[in-house]
Structures are given as structure tokens and as C-alpha cells.
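In what follows, a structure is listed as C-alpha cells, so that the remarks can point back to it.
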Amino acid sequence: MDCQSSQPERVGHRTQSANGFYTIGEIPKEISNLVELEELGLGFNSFSGPLDMAIFNISRLRIIELGDNNLSGTLPPNIGSILPNIESLYLNDLTNLIGTIPHSISNCSKLTILRLSNNKLKDLIPNSLGYLIHLQILNLEETNLTGNSSLSFLTSLAN
């Protein structure tokens with residue numbers, strides 16, 4: 001990947017499969033140097049390795065799509081303060097995503113889509129998700145998350 005030019009030339013290594021092309025290997029750390037990046041779409045590949053926290057430091061990101069990869073790690077505890085512009089967060093089908101949903105995610109005030117399904121997240125679903133007034137899609141299925149008896153925060157969501 002060449003981060004010196006205005007556009008990245010390539011990310012990872014492309015291999016042909018029966019379904020077309022997919023990218024394998026680790027997500028290059030140089031992506032975090034793309035400070036003007038607004039959309040990161042690397043889903044439906046075969047990326048492996050740790051979920052690089054440096055990606056979450058690109059504050060202009062509006063869309064992060066990393067679903068359907070072999071990435072591992074946790075969500076940053078301060079996700080709400082480091083991604084002020086995030087609108088769509090796709091971290092579904094990361095079977096090695098562990099930990100909890102940080103309460104700070106409620107500070108992602110522009111969030112409309114939150115997909116965290118099919119992973120190893122655990123503990124309580126934070127009621128603070130109710131502060132995400134623009135949230136239209138919330139998918140938490142196939143996780144080890146639990147809710148309080150009422151999940152009353154759902155009634156505060158606009159859609």
C-alpha cells in the first residue's frame with residue numbers, strides 16, 4: 001500500500017476464489033495514515049489478525065465496514081469520542097471479536113447502523129444505546145450479550 005499518494009494502490013493480497021476475488025492477510029497498519037478517509041470498506045474478505053485500534057483513530061470516518069473477516073480483538077473503550085462522525089459501523093461476523101459494547105458508543109450521535117452480530121461480545125447490552133436517536137438498524141444477534149428484563153431503551157429509538 002502506498003500512503004504517499006492521494007489514493008491507496010492496494011490493500012493486502014488479492015486471491016481468486018469461486019465467488020470472485022477476496023483479500024487475505026492482515027489489514028495494513030498504514031491505513032491509519034489516511035487521515036482524510038471517510039469510508040473504509042474491507043468487509044467480506046479473509047483479513048486475519050488483530051483488529052488494529054489505529055483504524056478507529058481516523059476521526060473523519062463515517063463508515064467502517066470490516067464484517068465477515070477473521071479479525072480478533074475488542075472495541076475501543078473510548079469509541080464514542082474517537083469516532084465523532086461515524087454513521088455506519090459493520091463489525092458483524094467477526095467470530096473473534098470479544099469483550100463488551102462500551103458505554104461510550106452512545107456518544108456516536110450520528111450512528112444510524114450498528115451491526116455487531118455473530119461474534120463473542122458478552123455482558124449486558126448497554127441501555128445507553130437508547131441515546132442513539134438516529135439509529136435505524138441495530139443487529140446484535142448470535143452474540144453472548146444479555147439485556148435487562150425490559151430492554152426499555154428500545155422505545156427511545158426514533159425508528
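Bear in mind that the values here come from a model prediction, so they are computed numbers and not experimental data.
Here the CG-CG distance, from Leu71 to Leu42, works out to 9.0 Å after rounding to the nearest 0.5 Å. Interatomic distance, Arg115 CZ to Leu89 CG, rounded to the nearest 0.5 Å: 11.5 Å. Rounded to the nearest 0.5 angstrom, Leu37 CG and Ser32 OG are separated by 10.5 Å. Taken to the nearest 0.5 Å, the CD1 atom of Ile86 stands 9.0 Å off from the CZ atom of Arg62. Put simply, CG on Asp123 and OG1 on Thr146 are 7.0 Å apart, with the number rounded to the nearest 0.5 Å. Between the CG atom in Asn92 and the CG atom in Asn69 there is a gap of 10.0 Å [rounded to 0.5 Å].
Here the closest non-hydrogen pair linking Glu26 and Pro50 is OE2-CD, 4.3 Å. Considering every non-hydrogen atom in both Asp52 and Lys29, the closest pair reads OD2-CG, 3.5 Å. Nearest heavy-atom pair across Arg60 and Val35 is CD-O, 3.6 Å. Contact detail for Pro77 and Ser104: the closest heavy-atom pair is O-OG, 2.7 Å. Contact between Asn96 and Lys120 at its shortest, heavy atoms only, is OD1-NZ, 3.5 Å.
Using a 4.5 Å cut-off between side-chain heavy atoms of Ile, Leu, Val, Met, Phe, Trp and Tyr, with links allowed through other members, Leu140 and Leu66 fall into the same hydrophobic cluster. Hydrophobic clustering places Ile27 together with Ile82 (ILVMFWY residues linked when any side-chain heavy atoms are closer than 4.5 Å, directly or through intermediates). Tracing side-chain contacts under 4.5 Å through hydrophobic residues (I, L, V, M, F, W, Y), one reaches Met53 starting from Leu34; they form part of the same cluster. Note on Leu121 and Leu51: same hydrophobic cluster, where clusters join Ile, Leu, Val, Met, Phe, Trp and Tyr whose side-chain heavy atoms are under 4.5 Å apart, directly or indirectly. A continuous path of Ile, Leu, Val, Met, Phe, Trp and Tyr side chains, each step under 4.5 Å between heavy atoms, connects Ile101 with Leu94, placing both in one hydrophobic cluster.
Pro102 is not listed as a side-chain neighbour of Pro76, based on a closest heavy-atom distance of 4.5 Å or more. In this structure, Ile64 and Leu83 have side chains that are in contact, with non-hydrogen atoms separated by less than 4.5 Å. In this structure the side chain of Ile105 reaches within 4.5 angstrom of the side chain of Leu129, judged on heavy atoms.
Checking Leu61, Ile63, Ile58 one by one against Leu40, the side chain to side chain contact (heavy atoms under 4.5 Å, CB included) holds for a single residue, Leu61. The side chain to side chain contact (heavy atoms under 4.5 Å, CB included) test with Ile137 singles out one residue from Leu111, Leu114, Thr112, Ile113, and that residue is Ile113.
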*Tell me, with the steps shown, if Lys110 and Glu87 meet salt bridge (charged side-chain N to carboxylate O under 4.0 Å, His left out).*
CA-CA 5 Å; Lys110 298 177 183 180; Glu87 297 170 10; 5.9 Å; no
